[in-house]
Amino acid sequence: MGFEDQRFNVNLSILFTELPLLERPAAAAAAGFTAVELWWPWVDSPAPERSELDALKTAIEGAGVRLTGLNFYAGQLPGPDRGALSLPGRESERFRANIDVAAGFARSLGCGALNALYGNRLDGVDPAEQDALALENLALAARAADRIGAILLVEALNRAESPRYPLVSAPAAIGIVDQVNEATGLGNAKFLMDLYHLSMNGEDLPSVIERYASRTGHVQIADNPGRGAPGTGSLPLEDLLGRLRKAGYEGWVGLEYKPGDRPSAEAFDWMPR
């Protein structure tokens, strides 16, 4: 088992970004992909104009690809932000305003996974206050996901690149998953296992896979160091994905890596054809 046994989709918020947003789905299709995922594309707007939503929907449908994953509004990403749902005040309000918008867009394209980034710690704010707000907002997001038959994803990032983000280990993210499922009773909160972030944190990846594959709703990959394509670093990604497959994970594997100094269309030469 290895790369040839996986279902890969491409993240259009980190690959093909040399192209305008509406041209990326067709570029992904031309590169051989049948599915794509996205961070929330409108970083300044949790509720963009209907015409903007419709244009992106048309671009995805016209390219003949599926949208299989979408982030809720997360602030400036890429940029200094790592989510909005635990930030009291304006950003939490923007997250809440986005919940039904994102869920509605996902439903319109048959997207079954919504990722909710937790948000950074804030100076002068009690972490317990942020955590209570986060649980409240995650429960709202989980219920919205459930209404469209989707799962809610909770992701661990890495400490080096996100030093103010509190979920920087697999157990930390799993703990939030458990809290959300207990709060809602829905059981649709799942772990987003990003092998790049976990490796940056120095976690034992085979152990993480063994312990949490059954709790995992989505997997993302990039090599380490460098966050490039598989083979540009030292992570044994083919072996790790084989372990995930043997452990029962049969979902999509999102390609969330940087193409380097070449066009994105040339960054898939490691893939079996």
Side-chain angles (χ1 to χ4, degrees), residues 11 13-14 37-48 69-103 105 113-145 151-184 188-194 196-203 217-218 220 222 227 256 258:
N11 190 304
S13 298
I14 193 168
E37 61 184 41
L38 281 163
W39 303 341
W40 185 247
W42 299 279
V43 296
D44 294 316
S45 178
L70 177 68
N71 282 21
F72 286 107
Y73 170 79
Q76 297 292 321
L77 186 75
D81 300 331
R82 296 293 186 271
L85 61 90
S86 68
L87 310 186
R90 181 171 180 266
E91 284 301 278
S92 172
E93 291 168 2
R94 287 164 75 91
F95 177 82
R96 291 191 183 196
N98 175 249
I99 289 175
D100 286 340
V101 178
F105 185 72
L114 290 160
N115 184 26
L117 287 173
Y118 201 83
N120 289 328
R121 291 300 194 208
L122 297 177
D123 291 335
V125 180
D126 184 350
E129 178 187 346
Q130 286 195 255
D131 292 339
L133 178 63
L135 182 56
E136 188 177 324
N137 282 335
L138 284 167
L140 292 172
R143 293 186 182 104
I151 60 173
L152 175 75
L153 296 170
V154 177
E155 182 176 8
L157 302 183
N158 75 76
R159 188 176 293 104
E161 295 172 331
S162 304
R164 301 181 71 85
Y165 191 81
L167 308 183
V168 288
S169 72
I174 287 288
I176 299 300
V177 166
D178 289 342
Q179 289 182 37
V180 175
N181 285 333
E182 182 177 357
T184 65
N188 70 329
K190 303 285 185 180
F191 177 41
L192 196 166
M193 185 185 293
D194 186 311
Y196 166 75
H197 287 308
L198 300 179
S199 70
M200 284 282 287
N201 289 327
E203 296 192 60
H218 186 46
Q220 291 174 333
R227 199 172 185 175
E256 200 185 46
K258 299 175 182 178

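In this structure, Arg164 contributes its side chain and Arg121 its backbone to a donor-acceptor pair below 3.5 Å. Without hydrogens or angle criteria, Tyr118 side chain to Tyr165 main chain gives no donor-acceptor distance under 3.5 Å. Although no hydrogens or angles enter the test, the distance criterion places a donor-acceptor pair under 3.5 Å between the side chain of Glu203 and the main chain of Ala170. Checked by atom type and distance alone, the side chain of Glu37 never pairs as donor or acceptor with a backbone atom of Asn71 at under 3.5 Å. In terms of modelled atom types and a separation under 3.5 Å, the side chain of Asp100 and the main chain of Ala144 share no donor-acceptor contact. Within the 3.5 Å criterion, the main-chain N or O of Leu192 finds no donor-acceptor partner in the side chain of Gln220.
Applying the side chain to side chain contact (heavy atoms under 4.5 Å, CB included) rule to Ala102 yields the partners Trp40, Leu70, Phe72, Asn98; only residues at least two apart in sequence or on another chain are considered.
Annotation: side chain of Trp39 is in contact with side chain of Asn11 (closest heavy-atom distance under 4.5 Å). Using a 4.5 Å heavy-atom threshold, the side chains of Lys190 and Val177 count as separate. Side-chain atoms of Asn115 and His218, non-hydrogen and from C-beta on, never get closer than 4.5 Å to each other. A heavy-atom distance below 4.5 Å is found between the side chains of Leu38 and Ser13.
Rounded to the nearest 0.5 Å, atoms CG (Asp126) and CG (Asp131) are 8.5 Å apart. Annotation: the span from Leu198 atom CG to Phe191 atom CZ amounts to 5.0 Å, rounded to 0.5 Å. The distance from the CD1 atom of Ile99 to the CG atom of Leu152 is 9.5 Å, given to the nearest 0.5 Å. The structure places OG of Ser86 at 7.5 Å from CG of Asn120, a figure rounded to the nearest 0.5 Å.
Taking both residues in full, the closest heavy atoms of Ala145 and Asn188 are given as CB-ND2, 3.9 Å, listed atom of the first, atom of the second, then distance. Annotation for Ala156 and Ser169: closest pair CB-O, 3.5 Å, computed over non-hydrogen atoms. Considering all non-hydrogen atoms of both residues, Glu155 and Ala173 come closest at C-CB, 4.3 Å. The shortest non-hydrogen separation linking Ala183 to Leu135 is CB-CD1, 4.3 Å. Among all heavy-atom pairs drawn from Pro48 and Ser45, the shortest one is N-OG, 3.2 Å. Nearest heavy-atom pair, Asn158 versus Val168, reported as atom, atom and distance to 0.1 Å: C-CG1, 3.9 Å.
With Leu167 as reference, Val154 is the one residue of Val154, Leu117, Leu157 to meet the side-chain contact (heavy atoms from CB on, under 4.5 Å) rule.
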Using a 3.5 Å cut-off and no angle test, enumerate the donor-acceptor pairs between side-chain atoms of residues 77-84 and protein atoms at least two apart in sequence or in another chain.
unit_1, atom_1, unit_2, atom_2, d
Asp81, OD2, Gln76, N, 2.6
Arg82, NE, Ser162, OG, 2.7
Arg82, NH1, Gly79, O, 2.7
Arg82, NH2, Glu161, O, 3.0

* Can you check side chain to side chain contact (heavy atoms under 4.5 Å, CB included) on Leu153 and Leu114, steps first, answer last? -> CA-CA 6 Å; Leu153 296 170; Leu114 290 160; over 6 Å; no
* Apply side chain to side chain contact (heavy atoms under 4.5 Å, CB included) to the pair Ile14 and Arg227, showing each step before the final yes or no. => CA-CA 11 Å; Ile14 193 168; Arg227 199 172 185 175; 3.9 Å; yes
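Comment: Asp44 does not engage Arg94 in a salt bridge, judged by the lack of any side-chain N to carboxylate O separation of less than 4.0 angstrom.
For residues 133-144, the side chain to side chain donor-acceptor pair (under 3.5 Å) pairs, not counting sequence neighbours, are Ser92-Asn137, Arg96-Glu136, Arg96-Asn137.
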